[in-house]
Amino acid sequence: MGKDGKEAAVQGRAPGDTQTTPLLGSEKSSTAIDVPKYADEFSSLPPSEARILREQVVVPDITSGFFQMFRYATVEDKFLYVIAIISGILEGTAKPLMTLVFGYITQTFTDYYRFDPFNQGMYYNGTYTDQYFNGTYPMFNGTTYNCTDTYSIYNVSEEYHKCNSEFMSMYISPDEFQRRVNNFALFFLAIGIGDIILSYIEMSIFIGRGDVLSSRIRENYLRATLKQNIGYFDKLGSGEITTRISADTLLIQDAISEKVGFIVSNVTTFFAAFALGFALSYKLTFIMLSVAAFILATFFISSGKMTKYYKLALGGVSTGGTLAEEVLSSVRNVQAFGIQDRLALKYDKFLAISQKWALRAGIAAGAMSGTMWLGVFANDSLAFWQGSRFLARDELTVSSVITILMAMVQGTYAISNISPHVRSITNGMAAASKIFQTIDRVSVVDSSTESGKRLENVRGDIELRDVKFIYPSRPNVTILEHFNLKIPAGKTVALVGASGSGKSTIVGLLERFYLPLSGQIFLDGVDLSDINIKWLRSTIALVSQEPTLFGCSVFENVAHGLIGTPYENASLAEKRELVIEACKQANAMVFIDTLPEGLDTNVGERGFLMSGGQKQRIAIARAIVGNPKILLLDEATSALDTKSEGIVQEALDRASKNRTTIVIAHRLSTIKDADCIVVMRKGTILETGTHNELLAKRGEYYGLVEAQRIHKQKEEIIEAMQKSHAASSSSSSSDSDSMSSILDEKASLQKSSDTSYEKDTDALLDLAKTKTGKSVASAAFLSSLANESTQSNYGFFETIGFLIKLSGPENHFNIVGAIFSGILGLSYPALGLFYGRCIEALRSYPQDTEFMLNEINYFAGLFFMLSVVAFLSSVISLSLFAFAGQKLVRRIRLMTIRQMLRQDISYFDRDENTVGSLTSTLSRDAQAIEGLSGTTLGQLLSSSVIVVSSITLAIVIAWNLGLVTTACVPLLLSAGFYRFYILAQFQRKAQQSSEGTASYACEATSAIRTVAALTREEDVMQHYHAELQHQLEKGRRTVHFSAFLYGVAQGMVYLIMALTFWYGSRFLKNREYTLLQFYVTFMAVVFGAQSAGIMFSFASDLGKAYQATQNIKQLLDLKPQIDTWSDEGDTPQNVMGEVEFKNVHFRYPTRPQVPVLRGLNLTIKPGQYVALVGSSGCGKSTTIGLIESFYTPLAGHIMLDGKDISLFNINEYRKQIALVSQEPTLYAGTIKENIQLGTAEPVTDEQIYGVCKQANIHDFIMSLPDGYDTLCGSKGALLSGGQKQRIAIARALIRQPKILLLDEATSALDSESEKVVQAALDAAAKGRTTIAVAHRLSTIQKADVIFVFENGKVLESGTHQELLANKSKYFELVQMQALEATA
């Protein structure tokens, strides 16, 4: 990709770009809304039908209040919360209590400095000293009192006695002064110790309960999600569910844990401060209340805006999460078509939505924070200005003025501290609204309800009477109209017909996945709507077209079929017997026995470690293990090879005996023995009858059969083969199948204890041994493992440097923001200077009231100026940080998904890199870094400047006092830093657990149909609950330790105050420091330390952000072996399409003990149509993957036109190839957009129409109301399997590839469509090399060469007729697919 393209991929679209809604409605009808909203698509339908459809998809719009987030609190939780709140309230009163002590101690200081001992000298160190008094130096000589003219009143002897009698009572001796200060210091000490204890209790409970309640919310959200009707999921992707359950619940956790504690403490401080103020002087407090009212009004308005904007921002992220989940779950398709950056930019459009609204929220937060600072310093200005007047009128004392001033400052400051935490609360409320919408949604088909009938004896009579049905997600297309069908008990009925004719719909209606608009469905004469849902589904067993397994062992997967049956609570041994028997019936034990751990082998997430055929057999075993009364087989054998299909079909035929069975099949050989075959088209029944009856009619069914008929050799050849097969089947059949299973390319990654296994494998490979005795492939594999990079641990400065580099494009905004944060931080040293001068001025009362008032007026003006500067600095810095932060978050998310899509396919094969885990990481890590930007970053920077500048000023003004007090600050900082470290470690461990639980939830919700059909909801919840409980147990110790360190950091401020007053009083007692020097030092250092304590209230956010940055750095540092970002390599010129494999050996990196290809040699000539056939797991799909260069072979070479493909540039090479996979992948968006993804070149509508006509999908698309602008839904959910496959074929054809790879490309098509599409593919193959993998041999009989695979090698090759003449493996496969009218 060129430079401009890469920049575009990183920069994305402007926030104001018009966005479309990919999940709802059609693009034509979509308005330029920022977050998808529900629109009534059913208004054109009759009211009764519209109501039924609307009930299945509509989600209530709920606005969550603060207390609703605590809805799952038990009595014990509430009791603990009460204790935490009481502790928080008591802790919050510490600051106002401190101001009272502070006022008294200030009164003591001013009184001591106001009066000097009369008629006696102050003897110090044996000499008489000068004493400073109000700017003059009066001398004491023991007998005569001299002073300046200003105080000549004392020169008159008769006035002296008057002065003495009036003021001597207020005189404080040095010893008395020290005694009083010591007492006040003890008060500070007591407040500090109390604060440590109370803070610990408060935080440990709030954090601990927050963890517990957020776990319950996760549980209830997943529980509510699992009980929703299936129509709800048609418009909701599992990626959105993952985002909600991982990221959004973390937001709620933040909102109900320590952030609540901070707010309780600060709100208490605010009210306690004003209560104290009113008690001392209601007049002055009322005057200062105006500032508080202004702050509160701003606070209320801004927080409302923040909530609104964050809610909108979250909508963009969660919808984008669904797209990300789609993309990551189909990464092979993404890489094959080279559409990584196009899909990443599509994802970026949702990030632009989120950025726009989050930026507005950040600006609102900046305005709120700025107003707080304005209020804090305006309070100082107002208090000194008005307080000095009350003092001059003798209405107040100095202690009252200072106490009220400090109390108001503390109260207002407490409110200003709330602003960053309110963001977390509003974020949590916005997230809770989304989550509680699902929790509170009443599902029209609630699988958890206990109501409804349970039939005692089920016969299995099924009747659909006058049924009309429309999918809620596609209200303009009627699927069934006046549909009537009776299925007698114990009979097997097959449904056949074109894609979209309504076959799978009937299965969905019987499982009550959807509701019919009219008509009734009966089971044994009882309406399904009257039957208990869970009981009904446990009576029915379903095997779907695309089998879904869960990330556990084979045994556990099959045992899921026992849920809801009498065997659900059977002993483990009994269950194991049932599972083994079911696996034998499904022909699954053949390969299970060869797995390293047998039945206990893990199948991987969604069964990805198993081949398609193996997954299907396990799913069939799961269906029949519970001995269901009704069996629904929706293309149950579509993924099986011919040999397995024959055996499994026999097992299904046996399983169908004495139970009602409904079979949906495109492969008609599987249903020729059905009691009744129902031929359907467009929701109506065309004909019914047995196989022979329908063939005799020569109607629709006859045409379908003819389309699948294979041209055979003469009857005598078949008879000869049958004799040959009968003689050899007993000896070779099981062996070959067993061997092929051992070699299965998708067998589970487990270490085998059998040491001879490797030797046997190597013997089969016939590989040259190295000196170590290992095969070439083994040695090559070990070498590749050695070259893999291990997990890196980055240092603190390296991590921070990386984050700064990452935000490079916005660093100039960050620098300006940092400058203004610095200006804001310098306000505290300025506060100390102004404060000291004001205390000095108060000391002159009552001797020189006019001087006091003039000084106070001047510095009150400076205080107000300081408030304006602080306001502007805060608004500018936080707005800039919010802008830079949101740009960074968007960039990180975009870079993260691009980097993920850059990785080798083997990266996605690893256990830790499941789709759920990666989607969760994508959402969570960027969000954690977002917590370090905006308001939080501004607070951190200004707090840092406060600490440094305050300490510097203190040491300059009074170095010895400054040094002693400053020495205490590192204690406070180290407590905060250690808490930060502990939390960072905890976050690292919690992340791994969180990824596991998020991945499990994603797996369950993405397979919701399977979960619902198996009635696995409660089973899923039990596993999920156990995972969450384990996570909670691991975190408890860290919570308590962290809370204790927070308490130390909080209480340390008061201990430093105690030390400062005690130690500073020694200098004041001896008149070594002035009040100005003391108070400048005190205000700077102590308030600086207090600010540092606030800084570490963000330790949790810092821990998350630090860990998230390391995660992102580690991901971005990964360099794949096959790098799509690399410009290296040659560009293929004049590609002819000759493909050659030379002695290729291959093992999957995640399954090193299972050799897949064992010296594969094959040559494909230019323009040939080549087919690869063989048993499941023999290496066919692996060969396709190697041609696509998804993996690198361990040994040997893959050549294109005589040149090793490793020498080509990967992107240029893949441009020559188009892939159509077994499971078609479409993305949220229109049909046209999905087809356009096939090529990077601009294409015209005519070209799109042309390829769609080739793929036999054009007429269907044009029949839709919105044509090519029809939305496909998440993962193409709004289209049938056949429709998706044909669109995928059209997408491949528009690429105009030189090499066309078809991996079971027609497996999902009905016979009618398959015939047309196969003809189209045959035509498309002209002039290009085509390589097809197929189980259905009728699709490849015209191939130029057919390669038959076995044991990772080519067993035989030739044309269809040649291979039949060989009477070998291929001949056997053909025989097993023969379609003949039964006698």
Exercise for review: Would you check, one step at a time, whether the test side-chain contact (heavy atoms from CB on, under 4.5 Å) holds for Ile664 with Ile671?
Suggested key: CA-CA 8 Å; Ile664 296 173; Ile671 51 96; over 6 Å; no

Taking side chain as C-beta onward, heavy atoms only, is [X] less than 4.5 Å from [Y]?
X	Y	answer
Gln1216	Phe1208	no
Val507	Leu495	no
Leu509	Leu480	yes
Phe1190	Arg1214	yes
Tyr1227	Asn333	yes
Lys1232	Asp1245	yes
Val1243	Ile1235	no
Pro472	Leu53	yes

So, does [X] use its side chain to make a donor-acceptor pair with the main chain of [Y] at under 3.5 Å?
X	Y	result
Arg1328	Leu1300	no
Glu687	Glu700	yes
Thr1329	Gly1167	yes
Arg1295	Ile1217	yes
Asp1303	Ala1332	no
Lys503	Met680	no
Thr319	Gly316	no
Asp1344	Val1170	no

Review point. Is any side-chain N of the basic residue among Glu1188 and Arg332 closer than 4.0 Å to the acidic one's carboxylate O?
Key: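 Looking at Arg332 together with Glu1188, the answer is no, because their closest N to O distance does not fall below 4.0 Å.
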
If you round to the nearest 0.5 Å, how far is [atom2] of [Y] from [atom1] of [X]?
X	Y	atom1	atom2	answer
Met900	Gln340	CE	CD	14.0 Å
Ser1263	His1258	OG	NE2	10.0 Å
Ile1294	Glu1241	CD1	CD	11.0 Å
Phe513	Ser504	CZ	OG	11.0 Å
Asn1209	Asn1211	CG	CG	5.0 Å
Arg1291	Lys1284	CZ	NZ	11.0 Å

Review point. Do Ile1287 and Phe1260 pass the side-chain contact (heavy atoms from CB on, under 4.5 Å) test, and can you show the C-alpha distance, the side-chain angles, and the key distance before you say yes or no?
Key: CA-CA 11 Å; Ile1287 292 172; Phe1260 166 74; 5.9 Å; no

Of all the heavy-atom pairs spanning [X] and [Y], show the shortest one and how long it is.
X	Y	answer
Asp1269	Thr1230	O-CG2, 3.6 Å
Val496	Ala665	CG1-O, 3.6 Å
Cys1272	Leu1226	SG-CD1, 4.3 Å
Ile897	Ala344	CG2-CB, 4.1 Å
Ile1299	Val1139	CD1-CG2, 3.8 Å
Ala1292	Ala1218	O-CB, 3.6 Å

Exercise for review: Please step through side-chain contact (heavy atoms from CB on, under 4.5 Å) for the pair Glu49 and Lys468, ending with a clear verdict.
Suggested key: CA-CA 10 Å; Glu49 294 182 1; Lys468 180 179 180 181; 3.0 Å; yes

Review point. Considering residues, nucleotides and ligands other than Gln1236, do more than 12 of their heavy atoms fall under 6.0 Å from its CD?
Key: yes

Practice item. Tell me, please, which residues at least two apart from Ala1334 pass side-chain contact (heavy atoms from CB on, under 4.5 Å). Key: Thr1339, Ile1340

**Study point:** Residues in salt bridge (charged side-chain N to carboxylate O under 4.0 Å, His left out) contact with Lys1342, at least two apart in sequence or another chain
**Key:** none

Practice item. Classify the angle between the aromatic ring planes of Tyr1268 and Tyr1249 as parallel (below 30°), tilted (30 to 60°) or perpendicular (above 60°). Key: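 Aromatic pair Tyr1268/Tyr1249 classed tilted.
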
Check your understanding: Do Tyr471 and Thr505 have side-chain N/O donor and acceptor atoms under 3.5 Å apart?
Key -> yes

Check your understanding: Looking only at side chains, do Thr1182 and Tyr1191 share a donor and an acceptor under 3.5 Å apart?
Key ->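 Not at all, the side chains of Thr1182 and Tyr1191 share no donor-acceptor pair under 3.5 Å.
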
Point to revise | Steps toward side-chain contact (heavy atoms from CB on, under 4.5 Å) verdict (Glu481, Thr684) | key: CA-CA 7 Å; Glu481 181 86 60; Thr684 59; 5.8 Å; no

